[in-house]
Number of protein chains: 2
Amino acid sequence: MSIPEACLIGHKKEMRAVQDSMDILSGKWKIAIISSICYYNKRRFSDILKDVEGISNRMLSKELKELEINKLINRTVLDTQPISVQYELTEHGLTLKTIINNLTEWGIAHRKKIIG
Amino acid sequence: MSIPEACLIGHKKEMRAVQDSMDILSGKWKIAIISSICYYNKRRFSDILKDVEGISNRMLSKELKELEINKLINRTVLDTQPISVQYELTEHGLTLKTIINNLTEWGIAHRKKIIG
DNA sequence: CGGGATCCTTACTGATACTG
DNA sequence: CAGTATCAGTAAGGATCCCG
């Protein structure tokens, strides 16, 4: 992150970038959903429903749709009986892996800090 | 991230860790607020209000309070006329720097991808 | 300047039931 | 199984005014 002297002027660009990320990732569930898919590589609707504690199918459906629109995940209908749908991260979605890992580590560290 | 064969069992622990992080960081503004303070080291209320586009003073006030409760930031009242209040990251809050940087980079990359 | 209080609108969300 | 539809409650957020 070697940041030049432009620091003196401001960080509008960085702030904008963070906002851009959050526009897509914010919301109560998105990160958790992406994590689920990321950790398992491929994941079905009902599996994600179990991974993400507390989410309703209505919300999951909606969030998955948004993630698909933003090209972070791919949706594949499998020809099973009954039907099943598989989600996986796109190449672009995979670039979030670092962030997921950071959040996982930070969550663990934070929990230790709180509990003791 | 060398993950052992425990993969086969599941990733409940990691999922939980991510959720723990998000419980504290989610919300439309928190990450942006932390970024502002992080990038400038010390930042006053009115400055953050300008950095975080679109936030209202009511929301900023509320979010800052929550971040303070979670020990991510410190609040210092400066003895100026009129009064001013400075916020800075705690040691614990500083551990979020990696995540902020990742989000910044990802935001820039994502924008390039979308615009072309 | 840094908020708090009030009011009001919209977005988010869960529960439940239903369909291909 | 993987959603969709409807209903209704809660919470998030904005605008405005006020105060030390």
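First the proteins, then the strands, lettered A, B, ... as listed; each starts at 1.
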Nearest-nucleotide comparison on DNA chain D, the residue closer to the 5′ end among B:Asn57 and B:Ile83: B:Asn57
The side chain of B:Ser84 is closest to which nucleotide in this list: C:dG14, D:dG14, C:dG2? C:dG2
Run the side-chain donor-acceptor check on residues 106-116 of chain A: report pairs under 3.5 Å with partners two or more places apart or on a different chain.
unit_1   : atom_1 : unit_2  : atom_2 : d
A:Trp106 : NE1    : B:Thr95 : OG1    : 2.8
A:His110 : ND1    : B:His92 : NE2    : 3.3
A:Arg111 : NE     : B:Asp20 : OD2    : 2.7
A:Arg111 : NH2    : B:Asp20 : OD1    : 3.3
A:Arg111 : NH2    : B:Asp20 : OD2    : 3.1

Mind calculating the distance between CD1 (B:Ile48) and P (C:dG2) to the nearest angstrom? 9 Å
Distance below 4.0 Å between B:Lys65 side-chain N/O and C:dG4 OP1 or OP2: yes
Could you check how far CH2 of B:Trp29 sits from C1' of D:dG13, rounded to whole Å? 9 Å
Just do the salt bridge (charged side-chain N to carboxylate O under 4.0 Å, His left out) check on A:Lys28 and A:Glu63 with the steps written out, would you? CA-CA 10 Å; A:Lys28 197 173 173 182; A:Glu63 302 280 63; over 6 Å; no
Expressed as a whole number of angstroms, how long is the span from B:Leu49:CG to C:dG2:P? 9 Å
Whether A:Ser46 contacts D:dA2 is assessed here as follows: a side-chain N or O lying under 4.0 Å from the phosphate OP1 or OP2. Is that the case? yes
Rounded to the nearest Å, what distance is computed from the CD atom of residue A:Gln86 to the C1' atom of nucleotide D:dA2? 14 Å
Spacing of B:Met59 atom CE relative to D:dA15 atom P, expressed in whole Å: 12 Å
Does B:Tyr87 put a side-chain nitrogen or oxygen below 4.0 Å from OP1 or OP2 of C:dG3? yes
Please report, rounded to the nearest Å, how far the P atom of D:dA2 is from the CG atom of A:Asp51. 12 Å
Under 4.0 Å between a side-chain N or O of A:Arg75 and OP1 or OP2 of D:dG3? yes
Closest to the 5' end of DNA chain C, once A:Gly54 and B:Ser61 are matched to their nearest nucleotides, is B:Ser61
Rounded to the nearest 0.5 Å, the CD atom of A:Gln86 sits from the OH atom of A:Tyr40 at a distance of 14.5 Å
So what does B:Arg58 hit on the nucleic acid, given a heavy-atom distance under 4.0 Å: a base, only sugar-phosphate, or nothing? base
Nucleotide C:dG2, atom C1' - distance to CD of B:Gln81 in whole Å: 12 Å
Salt-bridged, A:Arg75 to A:Glu88, with N to O below 4.0 Å? no
The test is side chain to side chain donor-acceptor pair (under 3.5 Å); show your working for A:Thr104 and A:Tyr39 and say whether it passes. CA-CA 11 Å; A:Thr104 305; A:Tyr39 275 122; 2.7 Å; yes
Figure out the CD1/P separation between B:Ile55 and C:dG2, and round it to whole Å. 14 Å
